[in-house]
Amino acid sequence: MRRKSFLFVNRKAPYGAGRAAEALEAALVAASLGQEVHLAYLDDGVFQLLAGQEPARLGRRDFTASLQELGEYDIDHVWVDGQSLRERGLTPADLLVAATLLDRAAMAELMAGMDVVVSI
Amino acid sequence: MRRKSFLFVNRKAPYGAGRAAEALEAALVAASLGQEVHLAYLDDGVFQLLAGQEPARLGRRDFTASLQELGEYDIDHVWVDGQSLRERGLTPADLLVAATLLDRAAMAELMAGMDVVVSI
Amino acid sequence: MGPLHTVNKSPFAGPALDSCLGHLTEGAALLLIEDGVYAAVADSAAAAKLAMAAGRYAIYALGPDLAARGLGKASLLDGIMVIDYLGFVDLAVRHSTVQAWL
Amino acid sequence: MGPLHTVNKSPFAGPALDSCLGHLTEGAALLLIEDGVYAAVADSAAAAKLAMAAGRYAIYALGPDLAARGLGKASLLDGIMVIDYLGFVDLAVRHSTVQAWL
Amino acid sequence: MKFAILVNEDPFGHQAAQSALSFAQAVLASGHELVRVFFYMGGVYNANRLASPPMEDRNIVREWAELAAKDGVDLVICIAAGVARGVREANLAPGFRISGIGQLVEAAVIADRLITFGA
Amino acid sequence: MKFAILVNEDPFGHQAAQSALSFAQAVLASGHELVRVFFYMGGVYNANRLASPPMEDRNIVREWAELAAKDGVDLVICIAAGVARGVREANLAPGFRISGIGQLVEAAVIADRLITFGA
């Protein structure tokens with residue numbers, strides 16, 4: 001299969017109308033098929049990265065476990081919108097992954113440069 | 001069956017994630033069972049009342065037809081949040097029903113006085 | 001007592017919380033559930049509007065929903081009471097109606 | 001040409017439009033579909049932010065979605081072009097990617 | 001006190017059904033009466049016997065069925081919503097029955113409180 | 001040009017599936033190629049043969065099936081999402097097949113454009 005750059009855009013909080021686990025699942029499959037995978041978190045999507053989540057309290061599988069093992073899937077690109085974090089009173093220290101903070105202009109350039117953008 | 005006052009609260013635009021037809025259907029059934037039925041429209045819910053809708057363009061049943069015959073179901077109470085209308089650049093003349101405009105305080109009192117509040 | 005209002009949306013994702021806060025009446029209470037609990041966090045941009053209401057109305061947040069989202073140990077706004085589902089039932093009993101801001 | 005962005009949410013119901021507008025780049029276009037088309041109406045509180053973008057980017061609205069919502073004859077913001085599904089396909093062809101602001 | 005519950009959403013796409021189920025269990029644990037749970041719109045998927053969520057996830061359909069079996073809770077799905085979505089007698093989970101929206105109205109009249117869970 | 005489409009939602013609760021279907025039809029009417037439509041999460045309900053919407057409403061499931069029959073479009077539902085929601089071989093509408101998310105990735109690689117429709 002040809003290798004393309006994929007950006008998975010996450011803009012929603014987990015659990016409520018949550019698609020967090022499914023978006024991550026798709027990204028992991030893309031990576032396992034040798035694609036160049038990028039994950040972007042903006043707006044309420046940054047809540048997906050919050051440390052200390054306990055999905056078991058809602059009887060849900062813990063998708064954050066996979067988030068902490070992205071390196072094993074060769075996913076090195078995790079991008080977070082800095083403004084979204086700040087508006088929610090969060091700092092990078094509150095997150096469960098090492099993510100690169102981007103400002104809006106940089107995030108926009110990233111998006112524009114991808115082969116495929118997937119929203120889930 | 002005992003008679004109670006029911007308020008059906010509509011806060012969402014039709015069609016998109018639309019529950020407009022289903023909310024109205026439930027209200028019509030309540031009225032036909034002799035309940036005192038009130039309909040409230042606020043936030044994007046006021047778009048449900050916009051005249052000139054053509055649901056057939058999306059292959060949908062025309063729920064606005066029932067809206068125009070509320071009198072036949074003995075539903076006399078249609079309440080609209082005036083501020084929601086104004087924010088959307090709408091006036092009562094744009095609506096397909098004769099509705100009573102309320103300010104927030106009056107709407108809040110209406111809500112607080114109901115026996116049953118249904119959100120769909 | 002007045003109505004119990006429930007808000008299940010993030011304060012950043014739509015107007016549900018704002019709209020609900022604008023319709024609280026004497027004796028009303030607000031319960032944050034599901035994604036609504038994000039509004040309870042002390043430092044967020046949504047805190048200010050909730051803080052105003054917290055002085056006049058009883059405001060609750062559902063504990064299991066906070067914990068699931070990693071907010072179990074977060075510092076919440078002053079005055080917000082954390083309850084479980086039994087507490088939710090109890091609130092529903094003590095208020096005249098329950099209105100969900102869907 | 002840059003990406004085509006689609007917005008399918010009402011500008012009053014959440015931050016999708018705002019967030020999208022903040023991420024438009026040189027050569028990008030915006031297509032309003034589904035509840036997104038409410039943003040195209042000239043007189044609404046959402047008009048101002050879209051009007052700014054309309055000067056710099058091509059902005060489209062899907063005709064069937066406008067018509068279904070009773071906006072088929074509404075006066076739209078200056079510069080917004082109404083297209084049908086064939087036009088949507090054509091836009092997708094002419095832009096590098098299509099990004100849905102879900 | 002008598003409670004009725006309205007569930008508007010699919011158990012998979014939104015937390016509403018989970019919240020409704022937890023609330024229903026708490027109503028019973030508190031010694032109150034649960035008159036009826038009515039499933040409307042996407043809520044009818046809560047009654048789909050064919051659903052089989054991953055082992056790690058809560059099985060909402062089965063937990064509703066247990067509530068009916070153990071506590072005799074009346075679980076009713078909207079017939080129109082069910083037919084449209086393909087939830088019918090043939091694939092109805094145990095404990096559920098199919099009827100009209102009148103059952104929602106009746107439940108709200110009989111109960112002291114109606115609690116809605118939706119999107 | 002080659003297109004692929006991703007559908008994330010139930011055809012009843014949200015307009016996304018309708019939009020996707022109209023877009024798919026326009027792709028074919030324009031003479032382009034539609035490589036695959038992939039149905040993920042609630043999107044798998046688009047393939048539920050048991051669904052039977054009211055006469056006045058567009059029958060989305062049937063229109064997808066027609067697209068497959070007439071134009072040979074490859075309609076694939078996600079197996080994990082289907083099993084969870086009870087959409088399986090036994091009740092799969094004609095024209096659909098069941099496979100993994102890899103089919104979405106492959107479609108996006110083969111196609112020149114991936115268009116997503118969701119909530």
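Labels below follow one simple rule: chain letters A, B, ... track the order of the sequence lines, proteins then strands, and each chain is numbered from 1.
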Most chain C-contacting option - heavy-atom pairs closer than 4.5 Å, from A51(A), A56(A), P14(A) | P14(A)

Can you pull out all donor-acceptor pairs below 3.5 Å that join chain A and chain C?
residue : atom : partner : partner atom : Å
G16(A)  : N    : D35(C)  : OD1          : 3.3
D44(A)  : OD1  : S10(C)  : OG           : 3.4
D44(A)  : OD2  : S10(C)  : OG           : 2.5
E54(A)  : N    : A67(C)  : O            : 3.3
E54(A)  : N    : A68(C)  : O            : 3.1
E87(A)  : O    : A45(C)  : N            : 2.8

Counting heavy atoms not belonging to M1(A), are there more than 12 under 6.0 Å from its CE?
-> yes

Tell me, for L71(C) versus chain A, whether the close heavy atoms (under 4.5 Å) come from the side chain, the backbone, both or neither.
-> side chain

A17(A), part contacting chain C, at a heavy-atom distance under 4.5 Å = backbone

